[in-house]
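Let me begin by presenting the structure, written as structure tokens, before commenting on it.
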Amino acid sequence: MDYNFAAVEKKWQEYWRNNTIYKVSIDQNKPKYYVLDMFPYPSGAGLHVGHPLGYIASDIFARFKRLKGFNVLHPMGYDAYGLPAEQYAIQTGTHPAITTEKNISRYREQLDKIGFSYDWDREVRTSDPDYYKWTQWTFIQLFNSWYNRKTDKAEPITSLVKAFEQGGSNAVEAACSEHPAFTAENWKAMSEVVQQQNLMHYRLAYLADTIVNWCPALGTVLANDEVSEGLSVRGGHPVERKSMRQWLLRITAYSDRLLKGLETLDWSDSIKDIQRNWIGKSVGGSIAFEVENHAGLIEVFTTRPDTIFGATFMVLAPEHELVKTITTAEQQAAVSAYIQRTKNRSERERMTEVKKISGQFTGAYALNPFNNARIPIWIADYVLMGYGTGAIMAVPAHDSRDFAFARHFELPIIQVVTSQGETLIDTKNWEESYDAKEGVLVNSDFLNGKTVQDAILSLIAAAEQRGIGSSRVNYRLRDAIFSRQRYWGEPFPVYYKDGMPYMLQEDQLPLELPAVDAYLPTENGEPPLARATDWQTKEGFPLETNTMPGFAGSSGYYLRYMDPNNKEAYFSKEANAYWQEVDLYMGGAEHATGHLIYARFWNMFLFDIGLTVKDEPFRKMINQGMIQGRSSLVYRVNPEKMAEYHLWEKLKNKGMGVEFIRDFKDGHRKFDFFSPEAKLIIEVRRVKSLEKLAHPYTEYAQKKGYRMLLIPVRDMLLEKEVVFEKVAALIAGKKVPEFEDKPALKIVPVFASKNIDGRAFFSDPIHVDISIVQNDILDIEAFKKWQPHWSDAVFLLEDDKYVCGWEVEKMSKSKYNVQNPDELIERYGADTLRLYEMFLGPLEQSKPWDTQGIEGVFRFIRKFWRLFFDDNQQLKVSDDEPNKAELKILHKTIRKVEEDIERFSFNTAVSAFMICTNELAELKCNKTAILEPLVLLISPYAPHLAEELWHALGHQDSVVKQDFPIWDETFLVENTFTYPVSFNGKKRFDLELPIDMPVKEIEKQVLGLEESAKWISDKGVKKVIIVPNRIINIVV
RNA sequence: GCCCGAGUGGUGGAAUUGGUAGACACGAAGGACUUAAAAUCCUUUGGCCAUUGCGGCCGUGCCGGUUCGAGUCCGGCCUCGGGUACCA
């Protein structure tokens, strides 16, 4: 009997649960450490082996930190609102809460089997009213706040009102949608409703008409990060642009802090880059242009104000409000037509047609404020209304898009920047624009001779002086659309009075999700909540019918874990002061532009209003890579192609004495094989098809004077020697019937093993379930059972085996390559699964799942076990004093494992365990003094095994509560070092020398060796490089 | 197009600061034990040449450079993966 993992794992999982081993509470005597996994959405499909990868890594780290004396917060919960459960509800009428509950229990069951050290008393679910009360509460705080640019933080809206009362709008610098000018007196004279309308421009949660991503298939609006390439990220449905009244969060107020905060975070550069690009800060200036014969000004945003003398035309977004008024009468029709055309295009069409240049001249001219040049005003949809001012000054010489536009519509191009030492060429002959932000200005009046950087500053200064422009910063980041026309989400704590939104009082929270009769919009197109009866306040005011998006609940869940059962507050001040922030956040990189930005924003806001002690929520983040599937393939033979292949193998390279051409074409006719020398055509086809073609082919051959052989596929496969004889006879000039009609063969599916000759030419790969393939060998009987319609299939084997091909691709049901953790746990145990997932490769890299390799880890676990137990399962440890060699192995391993965990190199730590076990087994070491620390060392990785061994060694308490072993340098020092001796950088032999031997002495020793003489020979020594305790290199 | 990241045996990967390339495992081949199987153990396993012993040559996507020494640093290119896309 071997190590009985099934019984052991069950025993200790129960022990941990019954003794609440992982329960954690505030302990001021210990340093805290917060390890968090990204919130999972419990999907109906359950976990596959890719999901727990990050959970295992974070669990190892959490366990390691516990052993290191930290008070570790390691919670888990569920992002329970989500589209799949609601889509299922729409189809079946099942309440999403029921589906979600079911999925959660399945998830929990799977998670429990892996042996995680979560404190489940802290579980949080976004759909739990006790939790979403605080999501709603935060929304109210956002509504009641504005962003003060002077203090650079969120402040209560009351302070804004006070400022307006005292100094009007000029007294305020705020993040806002609009900033109308009014005096204190104006403000006081406004009606309540007008005041509220004005305040809406400043609130951090606000209601506005905006262009939104409308997804008709899902019946809802989506945020920018929920849309990719014109399709919804979930489901892949087309998205349209539409104007709707929606709640938004003014995340743009935090653009700069979100950007700057990145510098302080211990995140991967790639995630930081993705966030930087998403926020998209660009520094430039805005300049106002007058329009000829028109009162309005057109303000443009540019990052290159220095190139203003090269502006040869101007482009407005088709939606720009001035388009209507500046367009001349002659151009009116053309402009309207263009606007109409761009409006009717879907977002996806617009994106795929990016390379197509389109635009329309308005007939109007703008005046360059610096030289009064008349520049034509165009509209084109390459200028977006949502960015900058929706208008650009086009400088075709120095912007590639403007360049392409100018070339297309034959507009002038003026060079204003030269690169160093450039000889000027007429722009007519340019092939591309010069976009680089370096060089010296020319053709630019007072900017001539200045560098680009200086010219930018000079021009902005000049514009400011004349009051026509200023420096300006723009962000790509948009305010987050916060309304969803869906049922399964948090209700807004909002009601409407006279069309104006008002917040519920805190004591009315949570506003619970009402029951509805169907999870669909109403006939009038209102969201599902409009179906709820009595969806109004006690006073009878209607409640908001939209719900909040998925990211609402996941933006602050990590804070709730600090104090999850608090009824009075989101979390207590004490809990937040103790746990502070997430020290290690483990999760996928796919949340870079969604959750990870929203959560940072949410946290910064709570920091501003004094709720949290940290402005950034996640100190360090590790993004685990994806685990890809390893699909198995069988090869279905195409009989016709196979017959052709075999014949060609015989005919090619004058195999039958004469040259043959393959795929011979004559006019519209095509034949498989043709020999000009023998004037012979050979065609291989199915009998049925030959019967039809025999006549026309024969006619053709007669006309051309060719001879012909029509070979049924069946003949080629069943009796190819006979066919070859016929061909030989024909070549020899003998008479052979052109076509012998025989009954067609019943078509049986044929599968060829991977390495059958020519397989690639005559077969097509088909995915096969990985559970019936072992070490790439197909279980043929299981295959026939799996696909009964292939039960009569014939298999072409190699060495009596069917060898499958394989491919690395996404793990998915349709590819039959999903590996489920439960099956593996049943077969190998959770510890093996944990170890193997780590052993697979670097945590952050994507890698294919390969079940074959798990055997090695399984062997290791049992080998480790056998260090403690003999073949009769008797404990065989001894209390003997360990020797030097054993101590060295132990301490080397402790050091390696600790260093590897610290740098999240879990795969190399597993190797270190293997090496250590191999070495100790070699020495037949069974000493407690060595083995006991090893049990502690391995406990974060294989907690069940470690707990069992720990108790077997006579301990009563849990291995979880112990201390991590400490390595001792003294056991590791060596007296000698084995130098690799190289000649010209090539290693030739080893040389063992005392560790403290001086360099001079080493040189003398090494040069005196007979071995060295061989390599030096007559070339002579040029130089000797000796790096103590590293290498010796001799240059000859 | 732009911005990241990665390319090492049949496979997953190791080499932490420029210092013995291929640790550890899988797979494969051969052997021991066994009536047999499983399990376990032993040997070989980057390629080529030599194999009578010593050995020798090549080799980390490609081309070039720096260096006594490059998988690692620099320049150029190729391929794959991720992000983003008229963002002015």
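Every chain is numbered from 1 and lettered A, B, ... according to where its sequence line falls, protein lines coming before strand lines.
In this structure, Asn918(A) reaches the sugar-phosphate backbone alone: every heavy-atom distance under 4.0 Å involves primed, P, OP1 or OP2 atoms, never a base. Residue Val1035(A) is in sugar-phosphate contact alone, with no base atom involved, counting any heavy-atom pair closer than 4.0 Å across all strands shown. Here Val395(A) lies out of heavy-atom contact (under 4.0 Å) with every strand. At a threshold of 4.0 angstrom between heavy atoms, the contacts of Leu384(A) include nucleobase atoms, whether or not backbone atoms are also involved. Among the protein residues, Tyr979(A) comes within range of no part of the nucleic acid, since none of its heavy atoms lies under 4.0 Å from any strand.
Annotation: the span from Glu809(A) atom CD to Arg630(A) atom CZ amounts to 11.5 Å, rounded to 0.5 Å. Expressed to the nearest 0.5 Å, how far CG of Leu920(A) lies from CG of Leu934(A) amounts to 6.0 Å.
Between the side chains of Glu855(A) and Tyr828(A), a donor-acceptor pair is found at a separation under 3.5 Å.
Remark: rU45(B) base-pairs with rG27(B). Criterion, Watson-Crick or G-U wobble with two distances under 3.5 Å. As the counterpart of rG1(B), rU84(B) is assigned, both hydrogen-bonding distances of the Watson-Crick or G-U wobble pattern falling under 3.5 Å. With a 3.5 Å ceiling on both atom-pair distances, the Watson-Crick or G-U wobble partner of rC62(B) is rG76(B). Across all strands shown, rG71(B) remains unpaired; no Watson-Crick or G-U wobble contact has both distances below 3.5 Å. For rU40(B), the paired base is rA32(B) (Watson-Crick or G-U wobble, both distances below 3.5 Å).
Atom NE2 in His398(A) sits roughly 15 Å away from atom C1' in rA88(B) (whole-Å rounding). Distance, Phe858(A) CZ to rA38(B) P: 15 Å, rounded to whole Å. To the nearest angstrom, P of rG5(B) lies 12 Å from CG of Asn277(A).
The only option from Asn817(A), Ile770(A), Val808(A) that meets the side chain to side chain contact (heavy atoms under 4.5 Å, CB included) definition with Ser631(A) turns out to be Asn817(A). Screening Val395(A), Ile460(A), Val417(A) against Asp306(A) for a side chain to side chain contact (heavy atoms under 4.5 Å, CB included) leaves a single residue, Val417(A).
Within the cation-pi definition used here (under 6.0 Å to the ring centroid, within 45° of the axis), Arg834(A) does not qualify as a partner of Tyr836(A). Taking the ring axis of Trp278(A) as reference, the NZ or CZ atom of Arg478(A) does not stay both within 45° of it and closer than 6.0 Å to the ring centre.
One P atom belongs to rU8(B), the other to rC62(B), and the distance between them is 10 Å to the nearest Å. Taking atom C1' in both rG12(B) and rU17(B), the straight-line distance is 27 Å, to the nearest Å. Using C1' as the reference atom, rC54(B) and rC49(B) are 15 Å apart when rounded to the nearest Å. Separating the P atom of rG47(B) from that of rG59(B) is a span of 16 Å, rounded to the nearest Å. Taking atom C1' in both rU79(B) and rA25(B), the straight-line distance is 28 Å, to the nearest Å. The P atoms of rC77(B) and rG55(B) are separated by 45 Å, rounded to the nearest whole Å.
For Lys1023(A), taking side-chain heavy atoms from C-beta onward, the closest of the listed nucleotides rC68(B), rG83(B), rU11(B) is rC68(B). In the set rA14(B), rA23(B), rC87(B), rC87(B) carries the atom at the smallest distance from any side-chain atom of Arg478(A). With rC24(B), rC41(B), rU11(B) as the candidates, the nucleotide lying closest to the side chain of Asp850(A) is rU11(B). Taking only side-chain atoms of Thr593(A), from C-beta outward, the nucleotide of rC24(B), rC41(B), rU84(B) with the closest atom is rU84(B). With distances taken from any side-chain atom of Met914(A) to the nucleotides rG13(B), rC24(B), rA88(B), the minimum falls on rC24(B). Nearest nucleotide to the Trp278(A) side chain, out of rC68(B), rU84(B), rG12(B): rU84(B). The listed nucleotides are rG27(B), rU11(B), rG19(B); the one nearest the side chain of Gln852(A) is rG27(B). Of the listed nucleotides (rU16(B), rA25(B), rU40(B)), rU40(B) has the atom at the smallest distance from the side chain of Arg862(A). Comparing rC87(B), rA14(B), rC41(B) against the side chain of Lys863(A) picks out rC41(B) as the nearest. Nearest to the side-chain atoms of Asp381(A) among the listed nucleotides rG12(B), rA88(B), rC86(B) stands rC86(B).
Under the 90° criterion around 0 for the glycosidic angle, rG9(B) counts as syn.
Toward the 5' end of RNA chain B, the nearer of the two residues Ile1025(A) and Ile271(A), judged by each one's closest nucleotide, is Ile271(A). When the nearest nucleotides of RNA chain B are assigned to Ser358(A) and Asp269(A) by heavy-atom distance, the more 5′-ward of the two goes with Asp269(A).
For a distance-only test at 3.5 Å, the side chain of Lys847(A) fails to qualify as a donor-acceptor partner of the base of rU11(B). Between the side chain of Asp273(A) and the base of rC4(B) there is no donor-acceptor pair of N/O atoms closer than 3.5 Å.
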